[in-house]
Colleague: 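Please read through the structure below; I'll follow up with questions.
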Amino acid sequence: MTSSDLEQSKLASTRLGPLQLAVAAGSVAVAYYAGVQIGLWLTFPPVSTTSVLWPPNAILTAALLLVPVRQWWVCLAAALPVHVMLELGAGMPLHLVGLLFVTNCTEAVLAAGGTRLLSDSPTQFNTLRRVAVFIGAAGLAAPILSSFADAAVAHYVGAQPYWRVWRVRAFANTLTELSVVPVVVIGVRAMMSGFTRPGWRRLAEAGLLLVALVSTATWVLGGFDVPGIPPTPSVLLLPYYFWAAARFGVGGVSAALFATAFVASYETQSGHRPFAVLLPIDSLVAVQMYLAVMGVPLMCIAGLLDERRRAEADLSDRLRFEGLVSTVSGDFVRRLHDSEFEKGLRHVGEFHHVDYAGLRLVGGASEDSEVEWQWTEQSASALIGLKWHLVFPWVIGRVLAGDTLIIKRVDELPAEAVADRNAFRAFGLRSMVAVPLLAGGHTRGVMSLVIVRPGVELQWSLQQLRLVAEVFATASARRQAELEVQGSRQKLASMARLSSMGELTASLAHQLNQPLTGIRNNAEAARRFIDSGHATMPQLRDIVLDIIDDDRRAGDVIRRVREMLARSEWSPLQLDANALVQDVAVLIASDAVLRNVSVSFDFAKGPVLINGNRIDLEQVLLNVVTNAMDAVADRPIAQRVVMVQTHVDDQGAVRLVVRDRGAGLPAGFEDRIFEPFVTTKSSGMGMGLAVARSLVDNHGGSIRAANHPEGGAVVTICLPAIPAAVV
Amino acid sequence: MKGATVFVVDDDLSVRRSLMRLLASAGYEVVSCASAEEFLALEVVRPACLVTDVRMPGMTGLDLFEAVRASGVDLPIILSSGDADAATAAHARANGAVRFLTKPFDPDELLAALEDAIARDRWFIRQR
């Protein structure tokens, strides 16, 4: 059952309020009045109490289908005075009038009760099953059964021939039930669920069909003779019924039958006879039989066509929805950045034709945090940056408690939702859907869809909305986990940097002390020159320039150390790999001197561009180069050689290669040295390369170690190329 | 201190230049070398003193100290380093270095040490 079917079946079982009930009773009285008038007008001799087309019973059936069973009595009570007044006025005795009202009510109760009992949605005629139930219960069983009682009343009280009355009434009422009930029920239902005016093309088509049908029926049933056409011209009406069935469903067939029956009755009354050889009344019964017999299969075909049409629409809707879900999930599989969430919301917003789609998470962010991600049409720009938990506290509270809210009008909000009601009006909201984001059994937040444009219906399917919300919830849970992993990775990286810098303390002290010594000596020399009275301005200027240079050198060392120790946020930039290596070269230079290690560099031509976090990559390189220097520390001085190379491979990927002339890696350690707590050194935790690998992974790159055929180890850091369009 | 030469060996140009200025302001002749090897190729004019950095590429200051001692030249030597530990300093002092200064040192301290060293060298020369 679709959401709209669900709504319809709710419609038929929800008790009406006093005002609605009064309107229903008034409408039944008016319709019954009109129906009786039509029926009396079409009453024929010799069966004076029985009409060929008796709409009141069908009107009662329609009312009982639309109104809940417990409130049926109101409809029946509303019809009673009208019935009594009109039939007494037509000269019928009071007891006959009363008995006929009972038989009319019996028919309506049997028809509506049977349909309600057997149909899954008694007010709809859009599947074969629903149409068949309606035809069986309301179109056949109810008129036929109630006609026994009616004929008995006419026979015993009105002294009319029993079987003739039965035959006329049974056929007349079958035809009337079939031709009136669907039209009335569909019309009332359309008005109750917010009537949307059909397009002018459809109205024009319906008008054309009606005019053509009535004209043809008038000609065919009026008994006009046309030379050359055989005496079965009623076949000419068939195309119109098929037209009605194919284009306007059961309601269309029903209306076409009614129009034809009306024309037939009118023509018969006017003295024309469709089947000229028969008596007027028999001729009319023949038309009724003809219409009823043809109407039943046509209505079934219309129901089947409607069912197929709906199935196709459902399928195409489902395919579109599956497309939406796979697009959104596909984006989330690739990346979990803000832009994917915003793009996902745009897809959902456009799919549901809303003006605003937003996600708000709880738990991770503070209570004051605003909507995490949102998408809006221009029409809903007032909603950008709203603090939902302040503006819609009742809605957010309910949804976080696990409820899904569908608010189609502001007055659907309960009285206690004062702030929400005010905000609804202040921001011009027409309707809203708010769905909990459920992942892992927890409510992680709220997904909300809003319409602000007037006259736009909220298109929703609860199942689809929940599925979409689940996709978002799972993605946001994964993103949260990734952020946590990234946080701990940064913490670990920061600790590893601290440890690398600790190892470089002696080297850094040397790098700082050199310029400080220069500054002090230069300053002292200048003082002495000045004191001696032999100072010259050019000499003093040179000294000051040297002091400035040394000061800058010392400042650079401190800046680099501070950068390495600071916990950097993940902020990738376009970097030159050569410049990166040069920065690291400065950091390790004095350490290399201290250990008598010769470090040589071989740079690829021009700037070698990569995307990454400078501090992270410098840390990786520093770690790898320091390891290489450790590896050659025990070798004879001539073999204390480390080579660092940058180059770009055929695919454009950038490789940073560090090679040493040490003893090489023990067999089987090539991969293991990147695991935590695995080290080939006598001291050290074995965390440096593990952290390095996680940092390189974070850049979408790889780090590998291998032994060189000529001895020593080679570590290669491979970083993805920047797409040409970006460069 | 006219007539005395100070040999400055340091791979850092800035330190060399500042030392040359400081020592020139104190009246010494200054000869500077960027490496130990460069110094060893020179002819040493006495009275003199060698002021050398410890941490240098190739031959370190300590290697130079050993080399000078091994060659039998009793030239006074002052060692300086930016990251020296106490053990290195003690080792140098025990083997006859005049002073071991930790960078950044007080220029007056260097000048005082040089004064002592040159006086000692003059005494050595007179003894021969």
Side-chain angles (χ1 to χ4, degrees), chain A residues 503-536 538-554 556-557 588-600 637-638 640-641, chain B residues 1-2 6 8-28 30 32 34-37 51-64 78-88 100-114:
Chain A
E503 285 171 25
L504 286 177
T505 305
S507 164
L508 292 172
H510 181 76
Q511 287 188 45
L512 265 183
N513 285 332
Q514 294 292 87
L516 289 178
T517 306
I519 289 168
R520 186 76 192 264
N521 289 344
N522 273 319
E524 183 63 29
R527 189 189 64 76
R528 283 168 168 272
F529 285 133
I530 292 166
D531 288 353
S532 68
H534 295 120
T536 63
Q539 186 185 34
L540 290 177
R541 188 173 181 279
D542 281 352
I543 290 175
V544 170
L545 286 179
D546 276 4
I547 288 176
I548 292 171
D549 272 353
D550 277 338
D551 182 82
R552 192 175 293 138
R553 262 172 79 195
D556 282 350
V557 173
I588 51 111
S590 57
D591 199 40
V593 168
L594 187 68
R595 304 201 215 180
N596 242 322
V597 176
S598 152
V599 183
S600 65
I637 289 181
R640 292 187 201 167
V641 177
Chain B
M1 196 70 65
K2 290 267 163 67
V6 179
V8 172
V9 180
D10 200 310
D11 61 319
D12 189 313
L13 175 66
S14 151
V15 174
R16 278 204 311 276
R17 280 163 63 104
S18 71
L19 276 175
M20 282 168 70
R21 287 197 189 103
L22 176 71
L23 301 180
S25 74
Y28 292 106
V30 188
S32 75
S35 68
E37 290 83 352
V51 177
T52 178
D53 185 24
V54 171
R55 177 193 283 230
M56 288 186 292
M59 252 182 117
T60 67
L62 288 174
D63 295 338
L64 176 60
I78 297 173
L79 290 159
S80 78
S81 174
D83 56 328
D85 54 55
T88 317
F100 194 102
L101 300 176
T102 301
K103 286 177 185 172
F105 46 75
D106 183 345
D108 287 338
E109 200 182 346
L110 172 67
L111 292 176
L114 266 177

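It should be emphasised that the depicted structure is a prediction, and the values quoted were computed from it without experimental measurement. Quick note: numbers below take in every heavy atom, side chains included, and nothing from hydrogens, waters or symmetry partners. Below, read A as the first sequence line, B as the second, and so on, with proteins coming before strands; counting in each chain starts at 1.
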Colleague: Among B:L22, B:D10, B:L111, single out the residue with the greatest number of heavy-atom pairs under 4.5 Å to chain A.
Modeller: B:L22
Colleague: Just checking heavy atoms, which of residues 523-533 of chain A are less than 4.5 Å from chain B?
Modeller: A:E524, A:A525, A:R528, A:F529
Colleague: Walk me through it: do B:L79 and B:L101 pass the test side-chain contact (heavy atoms from CB on, under 4.5 Å)?
Modeller: CA-CA 6 Å; B:L79 290 159; B:L101 300 176; over 6 Å; no
Colleague: Is it the case that the side chains of A:N521 and B:R21 hold a donor-acceptor pair, with the cut-off being a distance below 3.5 Å and no angle test?
Modeller: no
Colleague: With a 4.5 Å cut-off on heavy-atom pairs, point out which of A:I547, A:D550, A:I543 contacts chain B the most.
Modeller: A:I543
Colleague: OG/B:S14 to CD1/A:I519 distance, rounded to the nearest 0.5 angstrom?
Modeller: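 Between atom OG of B:S14 and atom CD1 of A:I519 there are 8.0 Å.
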Colleague: Start with the C-alpha distance between B:V6 and B:V51, add both sets of side-chain angles, then the distance that settles side-chain contact (heavy atoms from CB on, under 4.5 Å), and finish with yes or no.
Modeller: CA-CA 7 Å; B:V6 179; B:V51 177; 3.7 Å; yes
Colleague: Side chains of B:D11 and B:P57: closer than 4.5 Å at any heavy-atom pair?
Modeller: yes
Colleague: Show, in sequence, the C-alpha distance, side-chain angles and deciding distance for A:V597 and A:I588, and conclude whether the side-chain contact (heavy atoms from CB on, under 4.5 Å) test is met.
Modeller: CA-CA 10 Å; A:V597 176; A:I588 51 111; over 6 Å; no
Colleague: Which pairs with one or both residues in residues 505-515 of chain A pass salt bridge (Lys or Arg N to Asp or Glu O under 4.0 Å), sequence neighbours excluded?
Modeller: none
Colleague: Are A:R553 and B:D12 close enough for a salt bridge, meaning some N to O gap below 4.0 Å?
Modeller: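 Salt bridge between A:R553 and B:D12, a charged N being under 4.0 Å from a carboxylate O: yes.
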Colleague: Against chain B, label A:D549 side chain, backbone, both or neither, depending on which of its atoms sit under 4.5 Å from a heavy atom there.
Modeller: neither
Colleague: Based on non-hydrogen pairs under 4.5 Å, which of B:L23, B:T60, B:D106 is most in contact with chain A?
Modeller: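 Max contact count across the listed options: B:D106.
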